[in-house]
K.L.:
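My questions will all concern the structure given below.
Residue numbers begin at 1 in each chain, while the letters A, B, ... track the order of the sequences.
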Amino acid sequence: MTKENKKKDDQIKERSFGIVGVIWKKISVPLTSIFLALFIGGLIMAISGSDPFEAYGALFQSAFGDINGWGRTLEKATPLIFSGLAVTFAFKAGLFNIGTQGQLLMGAITSAYLGFAITGLPAIIHIPLALLGGALAGALFGSIPGLLKTRTGAHEVITTIMLNYVAINITDYLSNGPLKEVSSSDVVARTPPIEASAEIPQVAGLPLGFFIAIIFAVFVWWILEKTTLGFEIRTAGLSGTAAKYAGIKVTAIIVITMVISGALAGLGGAVETQGIVGRYQPGFNTGLGFDGITVALLGKVHPIGNIFSALLIGSMKAGGAKMQFVADVTPEITNVVQALMLFFVAADRVVRWIIRQRETDDEGLTLTTGWGN
Amino acid sequence: MVNTVLEVQNITKRFPGVIANDSISFKLNKGEIHALLGENGAGKSTLMNVIYGLYKPDEGQIFINEEAVEVQNPHDAIARGIGMVHQHFMLVPVFTVLENIVLGSETTNGPSLNLRSPRKDIQKIIDQFNLDIDLDTITEDLPVGIQQRVEIIKALYRQVDILVLDEPTAVLTPQEVDDLFKIMRSLVDQGKSIIFITHKLKEVIEIADQITVIRRGKVVGSAKPDEADQQSLATMMVGRDVDMHLHKKKAEPKEMILEVNNLVVKDANGNVEVDDVSFEIKAGEIVGIAGVQGNGQTELVNALVGMIPTESGTVKINGLPATNASPRKVTEMGSAHIPEDRLKDGRVLPFTIADNMVLNTYYLEPFAKSGIRQQEEIKEFAVDLVEKFDVRTPSAENTASSLSGGNHQKEIDAREFSRPINLLIAAQPTRGLDVGSIEYIHHRIIEKRDEGCAVMVVSTELDEIMELSDRIIVMFNGKIIDTVNADEITKEQVGLLMAGVTA
Amino acid sequence: MSKKYLLIVVLVFALVIAGCTAADAPEATCADEETLCVGFVTDVGEVDDKSFNQASWEAVQEFAAANDVFEVDYVETRDAKDYEANINLFVEAGYDVIVTSGFAIGDYTAAAALANPDIYFIGVDQYQGFDVPNFTGVQFNEDYSGFLAGAVAAMLTETDIVAGVYGTNLVPPVQKFKQGFEAGAAYINPDITVISTYSPGGFETGFTDPEWGATTAAQAIDNGADIVFGAGGQTGNGAIIEAGTQGKLCIGVDVDQWLTLPEAHACLVTSATKLIGPAVIDMLDAYMTDTIPEGNYIGGAGLAPYHDFEALITGDMQDILDQIVLDLESGAILTGFVLEE
Amino acid sequence: MTDKNNNQDNKFLKHLKKNWAKYTVGILLIVAILYNYDRDPKVTQAVLASMVRHSTPLVLGALCGLIGERSGIINIGIEGQMLISAFAAFMTTAYTGNIIFGVVLGILTGMFMGYLLAIMSIALKLDQIIGGTVLNILALGITSYFYQVGLSMGQKILPIPLGKLADLPLVGRVLFNNPPITYTTFILVFVVHYILFHTKWGLRTRAVGEHPRAADTVGVDVFKIRYVNLIIAGGVAGLAGSFLSLEAVGSFERAMTNGRGFVALAVMIFGRWTPFGAWGAALLFGFASAMQTQINFSGALDIPYQFISMLPYLLTIVVLAGFVGRSRAPAASGVPYEKEG
């Protein structure tokens, strides 16, 4: 091959990889991270005597194979987007909200109450009303750690952890007491089903709630990046003294942030209640809030990133049972895969080294500047 | 007999895009104070970090006691008798003085940390060099000058023979500088050798035995203090002729802008920091607040701009009540504030320069309309300011943390001076800046005065106070000890007042 | 450079996706008319929970071993919202009988039964109030076996203090065990002190916190209790093991825990069981012979064998217990169970 | 001389002034305990002993957290470290039949997890919250995936009464009649305090956690200190895991930590990053948990049990907000250290 030919060849290569190359640059790291995590997870399966291809195949097919699969994946992703957004939002103000679980439960039960107790409303009013109620309940519950922090200095990590347990007990009490469904055949602790007018419908087999979640993800991104409030929150999150200097009332920002964060978590609970469960029942929302931390981190603490990370984790939740059914693989292996994904996405330096991509001067992911004050 | 204790030969250190040190050579003799003179960014600190083992040189050789060595790390440097007092103190704030001194060279008693015998040794050093310090005080509670002493003791405790002082006077009051020079003298008298890094010409002439001038990473000359004068050194250092004196018109004070009456400020622990302070500043005059660091100036400024609450007393701006006004209110009343700690207070480093340019006006039109930020407007504004104030950056969209040296100050100045203001409160406006930048900022401050702005300058640099001020307020122990007209008092008299001595 | 790797990644992904389309084939045969396939869906938890899920699953397997069953399989429910989807995994695969386990899954089992009249559903711990012909709900009188356990405890205690460590009150069976236990103890000895508590963890940790169970049992023993009734999944197991460690007696729950919890051999006098396994096998057998009772079926409930503690139960005691069983069935003794809030 | 005395008096007064609330609460608590002990020794003992049991894993978890944070690394992976260690300890004991092997392997596993966290946060400079979260999910996945049914370790670790000390009234039962890991925990509190505040290593650790650059410039190896401390801290979490499976429960269950690692995190912050503070906070939480059980035992409060269940959590919040307030974390924790040049 002559030199000239080779040059030409290179040019062609360049061109054909042009657009793909650009996209590849953007998605190569996350994609490779996912792949590596799946690969190692598969290795573990193979070593322990299962067939990783069969397992992943079942998972993939169950989560994305048909409209039902998609529907369930989106269903699983929906509350995760909300709790991820809640965690993300708090992170931006330098707050670590481990209390999304509690806020989500409060939102879920409130929306259930509004869903069954109010009758005769048209759906167009009832749905948003119950959602709003859930958001408010979450906001109210989220405001407690915010207020405690600004008034007494009590650390939000402690108070949010403790309030999670308080929320479990409050909702257990309500659903087994004042709000319990009364019927002779049914003695389980749960509220009556919500009215049909409060139910969030499906659109072409896909849950509408997911699209609400996307709207909120964009909305949160918009607040953070495009509004003065977002500017204030991000400033307070990065430097308390600079925020004060800039005339920002840091204490107010802390409370507002926790209120919004709580509202997002509460909304997650409400959407779950109105879109999927159809009532409040203890045990039906387990782990949704806690998973928000993983979702937020995997989404690089970016509101839009949350959508993708929630989809990823949601698909594993949706496909886990099928994986067990078909390949007899314990679905918890997906936890290992999630941990590895999180690791590789965060350790993009490692991934870049593996795929021999030059380091961009992309800023590393920093969210912790210590426990703050 | 001349005994060379340290020699560097042709040291070159490159960073991506810059040559910080370009074949630098100099010699340090025993018992000598050797000044390395140069502007910020000239490469002095890089050179010292090379000597101290924090950086590896790309080329060149270091000799200690005429023996070629390779300094691996700071520990190695210390072992070879080189100690360093960094410009930013390397002290653990929550440790006691004693703990800070022994850290890294601890003695143990079985498994336990032994603080008793070091205490004795350290006390000996303290007595020997007359350093006067309480070993059990928590370090962060100490004034800066004393913290510096801790650093010096730290080095002495490690029995170093060569002490590198990196811009040691930048944060000191005149009295503290005098004290430091006394200490330095007594150190060299007892056989230590000192490398004194600075950009302050006067000090160099006062204390150094030998001067090496560095510019843009190269040695551009050397001199003996008795042969040199400030003007020639300045020219050598900056590379052009520098106007050493400010030319300002006589002040023409007009209407009252700031009135402070019986102001009392307490800290979080209830200690009185500002004690019954009253003064006023009129439009068109510069009032300098002189005082040794830690005498209430910082708290006074913070209380005036709303960063901390006041205990009692009143503040009026433009005749309107501004006691305990929020920072935003104070800003909206037409005042600008250049904060003392530029890295921490006035800016958000991970934000873009543009966002920092609107840090306290982000919510106003045209930067925001009904709560929504107007990115284009902000960018335009920032680009304009970057150009006007000569902030050196490739783009206003770069992060503030990417800026270097004096550009941090310029960024803040650009923001604060760009607003229509009638009160300027500047705390340590030139701390740590080089001659060129100081010159620039002083001119801008005077410009503001001449535009009819009331200016309050807080500085521990007596020279700065003397040069800039029309009137001088001296604070001591939280109180105003005296208020004088700048042209009716000598520097020495102000210095005495700062030490609490009233005539 | 990176382009080569792009290709590799894409290729491997393609392989993975290709792999999944191939994975479906073997399940298809359950759809055949002549094959019999039995599926099992757990309540939230695992098939090896040493408790009711395990009992049902073992029964299904036992049935399969004894009969000509083409395929049995289980799916563990990880999230209560997946009940429907998990049942559907079997429905889609053409299973003939689907056993589901747990209170909360009842509605979904009924709904699935309505939608799939060709498949038979057996719901363990479920009340069939839906009038669906192809769905049998199996329940147990937990209060009966709780009553017997309480009677045993009251007869064996030397301190006249007996303790109960329970999961959460959110599920009726736990309440039934608790109330039965207390009534039974009081039936033998009206002055007995029964100290008991539910776990504070609700559904989140109420059944899965053995350490809390152990600590609580220890506290009960420090209060003077010498028999501990542990009824609440792993939480109860923790309590039982602790009693054994401290040399006290204990009573298990749901199944004969002598078999599922070997750590409890030191103390396990008996277990307040509901005969889940036999009930499930009975139902499956009845399905085979087309005699399965539509609607509801009350499975057995009673005490498990005493195993190593046979000697503790004197003949007199056994007589009393036998009489209680008769009286409970005849209605001469009422456990007084009412659902708490 | 008198001056110095005066000075000391002043210091003492200042100290009193600053800490009066603590001392008052402490004295009141002691009085209350003694009063109750006089009235009902059995219950008082039971509650206090239970308090110690509840607090043990929390103290160990908090010690793990604070050793890391004192050297500048935030560790929210305590939960995962505990869980996987509990698993390793149990599996080892079940397979070898030797509890000591189990404890050792539990500790080693914890250390390995600490090492992983160290690699992630020091070498790879991952955000430390992410590093910890990775550990948590990984541990949950691995332990659940590799969980095996039917393993048994035999008897769990037994209490060792400390001779005559164990016979002392009140404190005997509470403090001197515990199993070995609990004793080790008591000792560890003192040891960690001693190491942190009275040894060279501790001085360097704290320096690295507050101002790593300062430590670096005097020749302290920042990375080494952080690595070693995280590995040791992991070992402490490993001990907590061993406690859970081998000493408290005597078995392993999936997700058996049930959030204790997070509560330990809260305890650490509550205790202001000091060993004794953490101990106090853990005891407070343990006391509230024990009281909650005791209230249920006594049946004295006739309110829905969920409200009693909230007690430990509400009490923590109230005490934190009312008495403790703001706390200051080690300045450098959470910030990866970059060497210059």
K.L.:
Among Q101(A), Q281(A), K76(A), which residue has the highest count of heavy-atom pairs closer than 4.5 Å to chain C?
P.N.:
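Between Q101(A), Q281(A), K76(A), the count favours K76(A).
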K.L.:
Is any side-chain heavy atom of R190(A) closer than 4.5 Å to one of D107(C)?
P.N.:
yes
K.L.:
At a 4.5 Å cut-off on heavy atoms, which part of F40(C) comes close to chain A: side chain, backbone, both, or neither?
P.N.:
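Neither part, no heavy atoms under 4.5 Å.
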K.L.:
Classify the ring geometry of Y95(C) against F325(A): parallel below 30°, tilted from 30° to 60°, perpendicular beyond 60°.
P.N.:
tilted
K.L.:
Salt-bridged, K81(C) to E75(A), with N to O below 4.0 Å?
P.N.:
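No, no charged N to carboxylate O under 4.0 Å.
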K.L.:
V75(C) versus chain A, heavy atoms under 4.5 Å apart: side chain, backbone, both or neither?
P.N.:
both
K.L.:
Salt bridge or not for D82(C) and K317(A), using N-O below 4.0 Å?
P.N.:
no
K.L.:
Quick one: which of G39(C), A104(C), A80(C) has the most heavy-atom pairs under 4.5 Å with chain A, could you say?
P.N.:
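Top count of heavy-atom pairs under 4.5 Å with chain A: A80(C).
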K.L.:
Which atoms of Y165(A) come close to chain C, meaning under 4.5 Å heavy atom to heavy atom: side chain ones, backbone ones, both, or neither?
P.N.:
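For Y165(A), neither part sits under 4.5 Å from chain C.
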K.L.:
Assess whether atom CZ of F64(A) is packed by more than 12 heavy atoms of other residues, nucleotides or ligands within 6.0 Å.
P.N.:
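Yes.
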K.L.:
Closest approach of L170(C) and P282(A), non-hydrogen atoms and distance?
P.N.:
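Scanning both residues completely, I find the closest heavy atoms to be CD1-CB, 3.7 Å.
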K.L.:
Supply the atom-to-atom distance Q324(A) CD to T42(C) OG1, rounded to the nearest 0.5 angstrom.
P.N.:
7.5 Å
K.L.:
Got a second to check how far N176(A)'s CG is from Q175(C)'s CD, nearest 0.5 Å?
P.N.:
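It comes to 6.5 Å.
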K.L.:
May I ask you to test the E204(C)-N164(A) pair for a side-chain heavy-atom distance under 4.5 Å?
P.N.:
no
K.L.:
Does E84(C), at its CD atom, have more than 12 non-hydrogen atoms belonging to other residues, nucleotides or ligands within less than 6.0 Å?
P.N.:
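No - once you tally the heavy atoms of other residues, nucleotides and ligands closer than 6.0 Å, there are 12 at most.
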K.L.:
If you round to the nearest 0.5 Å, how far is CD of E76(C) from OG1 of T330(A)?
P.N.:
7.0 Å
K.L.:
Non-hydrogen atoms of chain C under 4.5 Å away: do they reach the side chain of L59(A), the backbone, both or neither?
P.N.:
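Neither part.
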K.L.:
Between chain C and each of S62(A), A321(A), A327(A), count heavy-atom pairs under 4.5 Å; write down the option with the most.
P.N.:
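Answer, by heavy-atom pair count under 4.5 Å with chain C: A321(A).
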K.L.:
So how far is it from I168(A) CD1 to T205(C) OG1, rounded to the nearest 0.5 Å?
P.N.:
6.5 Å
K.L.:
In terms of heavy-atom proximity below 4.5 Å to chain A, should Y108(C) be classed as side chain, backbone, both, or neither?
P.N.:
side chain
K.L.:
Where do D172(A) and G202(C) come nearest, in terms of heavy atoms and distance?
P.N.:
OD2-CA, 3.1 Å
K.L.:
Compare every heavy atom of F203(C) with every heavy atom of G283(A), then report the nearest pair and how far apart it is.
P.N.:
CA-CB, 3.7 Å
K.L.:
Which atoms of D51(A) come close to chain C, meaning under 4.5 Å heavy atom to heavy atom: side chain ones, backbone ones, both, or neither?
P.N.:
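The answer is neither part of D51(A).
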